[in-house]
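Report on one structure; see the data block that follows.
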Amino acid sequence: HQNSKRVGRSMGWLVRKLSSTLDSLTVLFALIASLLLAFSVLAVCVDVVLRYFFNRPIGWVLQVTEYILLYIPFLAATWVLREEAHVKVDLLVNRLSPRIQLFLNFVTSIIGALVMLALSYYGLQVTVDFYIRNVPTLEYYKIPEWIVLLAIPMGSSLMFIQFLRRAYKSFKVRGSLRKKGEYPHF
């Protein structure tokens with residue numbers, strides 16, 4: 001009995017530590033996405049001024065900002081999901097009972113997790129393949145393509161975990177409301 005309590009406490013500590021690490025990584029990725037966005041805006045503005053007023057554009061700005069536009073959503077999406085800040089059309093959902101809303105949240109979270117798992121898997125396969133073959137970008141400045149693609153498996157993997165956390169939270173809330181007798185099960 002004592003061993004099971006000790007294992008339970010250890011597992012609880014591990015889950016809290018992993019959750020905290022994921023939250024920290026999520027915030028870090030969102031911060032990086034914010035900095036990349038600010039850098040892109042500034043770089044494009046400077047490039048426009050130099051191009052139109054001095055006929056001296058900065059050659060790398062377009063290429064780098066294109067890559068940044070891939071990184072921003074993959075780095076920031078997990079934070080947006082964690083904060084429940086994605087744009088939602090909830091006109092119909094708000095009219096449903098809390099039980100059905102939790103069920104839909106659970107189901108959409110599982111579907112989202114499966115989609116992100118597939119995207120992580122295939123994104124990682126392509127990224128590793130490009131790394132092994134040392135495939136360069138087709139743009140003016142030849143950089144390894146895997147660096148550009150790395151945002152996809154990184155961001156998708158975090159989103160996969162966050163969707164699972166979201167599904168678990170819906171399931172847990174459903175269980176606590178069910179214990180209180182507020183509604184039956186889904």
Using a 3.5 Å cut-off and no angle test, enumerate the donor-acceptor pairs between side-chain atoms of residues 42-56 and protein atoms at least two apart in sequence or in another chain.
unit_1	atom_1	unit_2	atom_2	d
D47	OD1	I58	N	2.6
D47	OD2	R51	NH2	3.2

Taking the six-membered ring for Trp and the single ring otherwise, decide whether the centroids of W146 and Y131 are under 6.0 Å apart.
yes

Looking at every heavy atom in both L75 and F29, which two are closest together, and how far apart are they?
O-CB, 3.2 Å

If you apply the rule side chain to side chain contact (heavy atoms under 4.5 Å, CB included), what do you find for F103 with L96, and how did you get there?
CA-CA 11 Å; F103 176 73; L96 300 173; over 6 Å; no

Calculate, to the nearest 0.5 Å, the distance between atoms CZ and CG belonging to F160 and L114 respectively.
7.5 Å

Closer than 3.5 angstrom, by distance alone: can the side chain of T127 be matched with the main-chain N or O of G123 as a donor-acceptor pair?
yes

Acceptor/donor pairs from residues 147-159 side chains to any protein atom, 3.5 angstrom cut, sequence neighbours excluded:
unit_1	atom_1	unit_2	atom_2	d
S156	OG	I152	O	2.7
S157	OG	S120	OG	3.4
S157	OG	P153	O	2.6

Mind checking whether R82 and L22 have side chains closer than 4.5 Å, heavy atoms only?
no

OH-CG distance between Y121 and L119, expressed to the nearest 0.5 angstrom:
13.5 Å

Going from CG on D23 to CZ on R16, what distance comes out if it is rounded to the nearest 0.5 angstrom?
13.5 Å

Within this structure, what is the CD1-CG distance for the pair I100 and N105, rounded to the nearest 0.5 Å?
12.5 Å

When you measure from the side chain of Q101 to the backbone N and O of V93, does any donor-acceptor pair fall under 3.5 Å?
yes

Common cluster, V115/Y122, ILVMFWY with side-chain heavy-atom separation under 4.5 Å
no

Contact list for residues 24-44, test side-chain hydrogen bond (donor to acceptor under 3.5 Å, both in side chains), sequence neighbours left out:
none

Quick one: pull up CZ in F171 and CG in L102 and give me the separation to the nearest 0.5 Å.
11.5 Å

Quick check: closest heavy atoms across T137 and Q63, and the distance to 0.1 Å?
OG1-NE2, 3.7 Å

Heavy-atom closest contact (P136 atom, E145 atom, distance):
O-OE1, 4.0 Å

